[in-house]
Every structure is written in structure tokens, then in C-alpha cells.
Amino acid sequence: MTRMLQNPFFDRPAEVVARELLGCVLCVRVGEKIERHIITETEAYVGPHDLASHASKGRTARTEVMFGRPGTIYMYLVYGMYDMLNIVTGEAGYPAAVLIRGVGKWNGPGKLTKALGITRTLNGQSVGKKVGLWVEEGETMVSSEQIESTPRIGVAYAKEWAEKELRFVLRR
DNA sequence: ACGATGATGAAC
DNA sequence: TTCATCATCGTA
């Protein structure tokens with residue numbers, strides 16, 4: 001009896017959602033099968049003032065989906081090679097999102113999307129069974145002691161925002 | 001330590 | 001239209 005995370009779960013600050021996603025289950029339909037993997041690492045991109053966030057550039061063709069409803073899938077290509085999976089958080093019109101950096105045995109945001117076949121075609125869609133990508137509640141309770149927080153990866157350009165501890169890792 | 005590889009946003 | 005940059009990763 002697992003519950004699929006709905007809109008209200010994502011309609012909260014990115015930092016809160018990023019923490020609470022740890023231990024939850026990323027579900028991906030691949031062909032006839034459903035792959036389920038525990039989310040182990042996330043990063044929060046908290047708003048337009050966050051210099052590490054794409055949304056700090058304002059509303060552009062790319063960032064438009066970050067301004068969408070909570071639970072919208074935001075995907076983009078980095079370094080010409082890797083699809084990054086994010087879920088938009090907070091109310092519509094406020095750009096914030098959580099980057100999924102690790103699930104199950106995969107560490108690294110580019111590795112997990114490649115392994116599970118998650119691509120930019122999902123950009124702008126809402127998480128859910130219809131699009132074959134959703135998140136379910138975890139089986140076990142995650143305590144705050146199990147969550148390690150660190151600065152985010154690969155955002156050295158973001159001045160004072162580079163140092164903020166907005167990356168969260170589930171200890172095992 | 002470095003190159004692959006292509007979209008993005010800003011400058012020109 | 002060009003140009004520097006980039007929420008990464010495998011190989012060396």
C-alpha cells in the first residue's frame with residue numbers, strides 16, 4: 001500500500017521537498033515493466049534569487065517550465081550529453097525545483113537518467129502514471145540524522161549560493 | 001587532468 | 001551570428 005506523491009507534496013519550498021524525497025521511490029515505466037528505485041541524493045534550486053538556478057536568468061524558453069505547477073518535470077541537457085531530471089516545486093509562477101542526483105545503485109544525475117531511459121521528451125509534463133514517471137512514498141521512515149547536507153555539485157559560478165548546503169544525501 | 005558534445009543566453 | 005559556458009562523466 002504505497003501512496004503516489006501528489007501535487008500538494010511538491011507545493012512546498014524546494015529545500016523541504018528535496019529533503020523529504022530522500023527514501024521515496026522513483027517509479028519509471030520502461031516498456032511493460034515498472035522500475036522502482038529509492039531516491040538517495042537530491043539538490044534544491046530554491047528560487048529566482050538562487051544564482052545556481054537556471055531561473056536566476058528569468059523567464060526564458062528553457063526556464064519556462066520551472067515557473068509551472070508543482071510536480072512538473074523539468075529536464076534539460078548539460079554538457080551536450082546528459083539529461084538532468086528535476087521536479088518543479090512551490091506554487092505556479094514561482095520558479096524552483098529539485099534535481100534528482102541519485103537513485104538506487106546509481107550515483108550521478110546523468111547516470112540515472114541514462115540507465116532508466118528518462119529523456120527530455122518528458123520536459124514540461126506532470127509526474128504521474130500517464131507519462132510513466134512518478135514518485136511513491138517510501139516504505140521506511142527517514143530521520144533527520146540519516147540526511148547529510150552539503151554544498152551543491154558543479155555550481156562554483158554561483159558566488160555565495162555555491163556554498164549553501166542544498167544537496168541532501170541519504171546515509172545508509 | 002581533460003575531452004566529449006550540443007543547447008543556452010548574452011554579446012555583437 | 002558567434003562565442004563562452006555549462007546543475008557531468010569516463011578515461012588517463
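Order of the sequence lines fixes the chain letters, A, B, ..., with proteins taken first and strands second; residue numbering starts at 1 for each chain.
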- Message: Nearest heavy atom decides the nucleotide; on that basis, is A/Arg120 or A/Met81 closer to the 5' end of DNA chain B?
- Response: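 Per heavy-atom nearest nucleotide, the more 5' residue is A/Met81.
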Where the side chain of [X] is concerned, which of [options] is the nearest nucleotide?
X        : options             : value
A/Tyr82  : B/dT8, B/dA4, C/dC9 : C/dC9
A/Lys57  : B/dG9, C/dA7, C/dT8 : B/dG9
A/Ile153 : C/dT8, B/dG9, B/dT5 : C/dT8

**Message:** So A/Arg62, base contact, sugar-phosphate only, or nothing? Heavy-atom distance under 4.0 Å.
**Reply:** sugar-phosphate
Quiz item: What nucleic acid atoms does A/Met84 come within less than 4.0 Å of, heavy atoms only: base, sugar-phosphate, or nothing?
Solution: sugar-phosphate
Measure from [atom1] on [X] to [atom2] on [N] and round the result to the nearest Å.
X        : N     : atom1 : atom2 : result
A/Leu77  : C/dC9 : CG    : P     : 13 Å
A/Arg152 : C/dT8 : CZ    : C1'   : 16 Å
A/Asn86  : C/dA7 : CG    : P     : 11 Å
A/Asn123 : C/dA7 : CG    : P     : 15 Å
A/Tyr157 : B/dT8 : OH    : P     : 15 Å
A/Asp83  : C/dC6 : CG    : P     : 19 Å
A/Tyr76  : C/dA7 : OH    : P     : 6 Å
A/Glu41  : C/dT8 : CD    : C1'   : 12 Å

- [ ] Kindly check if the number of other-residue, nucleotide or ligand heavy atoms within 6.0 Å of CZ (A/Arg12) is above 12?
- [x]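 Buried by this count: over 12 neighbours within 6.0 Å.
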Just wondering, are more than 12 heavy atoms of other shown residues or ligands nearer than 6.0 Å to CD in A/Glu160? yes
Checklist entry - Parallel under 30°, tilted from 30 to 60°, perpendicular over 60°: which one fits the rings of A/Tyr94 and A/His49? => result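 The rings of A/Tyr94 and A/His49 sit tilted, inter-plane angle from 30° to 60°.
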Pairing partner of C/dA7, by Watson-Crick or G-U wobble and under 3.5 Å for both distances, is none
Exercise. Side-chain contact, heavy-atom cut-off 4.5 Å: A/Lys159 with A/Trp161?
Worked result: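 Side-chain contact under 4.5 Å: no.
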Short side-chain N/O contact to [N] OP1/OP2 from [X], under 4.0 Å:
X        : N      : value
A/Lys111 : C/dG10 : yes
A/His54  : C/dA7  : yes
A/Arg101 : C/dT8  : yes

Between A/Gly47 and A/Ser53, the two heavy atoms sitting closest are O-CB, 3.9 Å
Is there a donor and acceptor pair closer than 3.5 Å between the side chain of A/Tyr79 and the base of B/dA4?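 No, the side chain and the base share no sub-3.5 Å donor-acceptor pair.
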